[in-house]
Protein chains: 2
Amino acid sequence: MQPLVKRGASGYAGPMIRRSGVTIEDVAAAVGVSRQTVSRVINGSPNVKPAVRERIDAAIEALGYVPNLSARRMGGGRSYVVLAINDRARTIENWQARRGNDYVDQMLFGGMTACEAQGWHLVFELVDTLAVPARRGLANALASLRPDGVILTPPHCDNPALVDLLAERGIPCARIGHRDGADTVDVYMDETGAAAAATRHLVALGHRRIAFIAGAANYGGSALRIAGYRAALAEAGIAEDLVGDGDFHFETAERVIGALLSGDAPPTAVIADNDEMAFAALHMASARGLRVPEDLAVVSFEDTPGVRFAVPPLTAIRQPVAEMIAHACNRLIAIVEGKGGPGRHEIPFELVCRASTGRVGD
Amino acid sequence: MQPLVKRGASGYAGPMIRRSGVTIEDVAAAVGVSRQTVSRVINGSPNVKPAVRERIDAAIEALGYVPNLSARRMGGGRSYVVLAINDRARTIENWQARRGNDYVDQMLFGGMTACEAQGWHLVFELVDTLAVPARRGLANALASLRPDGVILTPPHCDNPALVDLLAERGIPCARIGHRDGADTVDVYMDETGAAAAATRHLVALGHRRIAFIAGAANYGGSALRIAGYRAALAEAGIAEDLVGDGDFHFETAERVIGALLSGDAPPTAVIADNDEMAFAALHMASARGLRVPEDLAVVSFEDTPGVRFAVPPLTAIRQPVAEMIAHACNRLIAIVEGKGGPGRHEIPFELVCRASTGRVGD
DNA sequence: AACAGTTTTGTGAACGATCACAATTTGGTA
DNA sequence: TACCAAATTGTGATCGTTCACAAAACTGTT
């Protein structure tokens, strides 16, 4: 193989180690056109003769040319980077508690797949929660990476300091779990409808005393879900609701569920606001000698991988995180390319029925 | 707020929209030094007068200057990017099977934390498995992103085409789960020792008939674990081993474990090569009316978040994925900075004892 | 055949940093 | 005080691409 050497443009006479691989100039030289014409082909400009375009495409293929992202950025064009912001404190906390983070896995899968399909890249960054450090952290990431679009996940999606900063800089922004859509791309799922669907599923199975274990009073999603749960109860003519206050964690949920089961009229079914609390329901049932689903049916919100292997496997509302992130990436890329703007996008949820509510199988 | 305008260096007279925020020139102008002196401060060059350095640091802080990564790369310096390669087929398969991927979550956490602590960035890319597309995919990613270091995860870590490509380009490379260390940074855990520890734990609890459900015959890790399991059995004077051939999945594992339990001398303990197969053991025990851990003890290899919530919670060998990736990032960054080179690094595993082997609690 | 308008192609400047090298300042010694 | 070496600072070139603008090559119409 021939060594990668190249002469500089200046008077410098010696051989120069080429710092990188094939450049746009190499392609241009191979075809006998200017670099700008090659650039036009790469960027899909319409004003290139078909015959020339073909020869350039062939040369790109033959030489294995791939544009240098940094140079493209420097040239004043796009960065072809979508930046996804996660909360630092929450990420580290989850980690230290060995709680895992299926959300991140789904983000990576959904976002990366969507971005790479269009030749883009997804980069993650951790940013602190509090307003001032958050703004600072995002500003640093923007300065350093110069992304063309930014995805804000909870809780950052509700932080006006970040949304404003992006608006000032003119960087399109997508918010996951936010449902406004005035100035940003808001991608969310129908929390209310999902809770209603879970409730209706239990009603259809004959349950009348259905409890809902909420994750957090101040978490918007929980409130919407409670509303859906209540609406479905009302629909079925069930007057009494049974809402327990949890905190998304196992221990509290165990206590709350235990209290409900010890009450005057214990529930025959429980909807938990996330998987960890649903597992608490299984443990509690086991501790009280209750059979699942015969004595207590359990439905969860989240559907992390482990619920398939619970004894019994859990019926759950699947949060379409990967789909939401993929959609957000696609919308952001479209905006950068001049098609489309801000808006609301509801991604469908899925009620996955498994044995914990009576259906056998899966 | 004053509009971000700037004049070009040429004869162009009109105001120019500044494409980005604060630049190194702004800092230099504010302090009254040249851009190169500011660059020296940013990059920790020793030859800057302390007084000047202080004034520059203050200006950087005051202006909120953060270097533009693309420009740094173009300047001929580093990219400050570590690229982590994952297998595309495996990632998509895991996704479609709704199997989740705690590995990715751990990579992201461990790698990002390590990188950002040193002002670096971690970028993920999916690359196909087969040798030719894999080389091509990596070459594209290298051309596009120009990372300063690359992390190969299984199965790419064992692909010589990729290792060679990186060697040709002079890009330092870390391999996770590989244990050679001659030319690359190899970071792995002691699979043999972990399997031995799991086995000894069961022996200490009085078990003599201990089965090992292997994941895959052609997977290097499984072979090492079987060796550790056998060594620990020999150590305890147990002649007969019980190795079942699984495929890391639930259904096969159920069948294999069922066959072992129906044998002449059924095991009283099972070590599964991953969590999914350990869950199969739990299900099988439940189906046969066996109590865990009294009639059948279960140990798993992997320790994904869900195992804490199994009934009963699973004792498991925790794979230190986050720590391995963090270590890989740190070693790669060190190499780029001229300190250190290739080598082997064993990251300690952990045996997390939970109720599935008899210990109460957790 | 000449013209105007459109399509296609090419050229120099710019992006924001680092590198290589040159110029200047500083400090110690004769 | 003068001089040399070391420490500190500055200048022009460069990386690979796109932008803005100019030039050239095609159209179709008169």
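Only heavy atoms go into these numbers, but all of them, side chains included; no hydrogens, no water, no symmetry mates. Here the structure is a predicted model, which is why all the values come from computation and not from measurement. Residue numbers begin at 1 in each chain, while the letters A, B, ... track the order of the sequences.
No salt bridge links E54(A) with K49(A); every basic N to acidic carboxylate O contact stays at or beyond 4.0 Å. Classification of E61(B) and R136(A) as a salt-bridged pair holds, one side-chain N sitting under 4.0 Å from a carboxylate O. A salt bridge links D186(B) to R175(B): one of the charged nitrogens lies within less than 4.0 Å of a carboxylate oxygen. Between D128(A) and R88(A), at least one side-chain nitrogen of the basic residue sits less than 4.0 Å from a carboxylate oxygen of the acidic one, meeting the salt-bridge criterion.
Summarising the geometry, the separation between CZ on R146(B) and P on dT14(D) is reported as 19 Å, rounded to the nearest angstrom. The distance between atom CD1 of I24(B) and atom P of dA17(C), rounded to the nearest whole Å, is 5 Å. Taking atom CZ on R72(B) and atom C1' on dT17(D), their separation rounds to 20 Å, with Å as the unit. In this structure, the CG atom of L69(A) is 15 Å from the C1' atom of dC15(C), given to the nearest Å. Note: CG (N68(A)) to P (dC15(D)) measures 12 Å, nearest angstrom. For the pair N43(B) CG and dG16(C) P, the computed distance is 17 Å after rounding to whole Å. Atom-to-atom, CZ of R73(A) to P of dC15(C) comes out at 13 Å; the value is rounded to the nearest Å. Atoms CE (M74(A)) and P (dG16(D)) sit 13 Å apart, rounded to a whole Å.
Residues forming a side chain to side chain contact (heavy atoms under 4.5 Å, CB included) with A326(A) (at least two apart in sequence, or on another chain): A114(A). Qualifying side-chain hydrogen bond (donor to acceptor under 3.5 Å, both in side chains) partners for R72(B), counting only residues two or more places apart in sequence or in other chains: N43(B), Y80(B). With sequence neighbours excluded, the residues satisfying side-chain hydrogen bond (donor to acceptor under 3.5 Å, both in side chains) with Q118(B) are N330(B).
Contacts between residues 44-61 of chain A and DNA chain C, defined by a heavy-atom separation under 4.0 Å, are made by P46(A), N47(A), V48(A), K49(A), V52(A). A heavy-atom distance below 4.0 Å to DNA chain C is reached by these residues of residues 27-42 of chain A, ordered by number: V33(A), S34(A), R35(A), Q36(A), T37(A), R40(A).
Out of dT17(D), dA17(C), dG16(C), the shortest distance to the side chain of P67(B) is found at dA17(C).
Contact annotation for Y80(A): no contact, since no heavy-atom pair falls under 4.0 Å across all strands.
Under the 3.5 Å distance criterion, with hydrogens and angles disregarded, no donor-acceptor pair is assigned to the side chains of N47(A) and S45(A). There is no side-chain donor-acceptor pair under 3.5 Å between S79(B) and R146(B).
Judged by distance alone, the side chain of H178(B) and the main-chain N or O of D158(B) form no donor-acceptor pair under 3.5 Å. Under a 3.5 Å cut-off, the side chain of T91(A) and the backbone N or O of F109(B) do not form any donor-acceptor pair.
In this structure, the helix from dA1(C)-dT30(D) to dA30(C)-dT1(D) shows an angle of 40° between the axis at its start and the axis at its end, each fitted on 5 base pairs and rounded to 10°.
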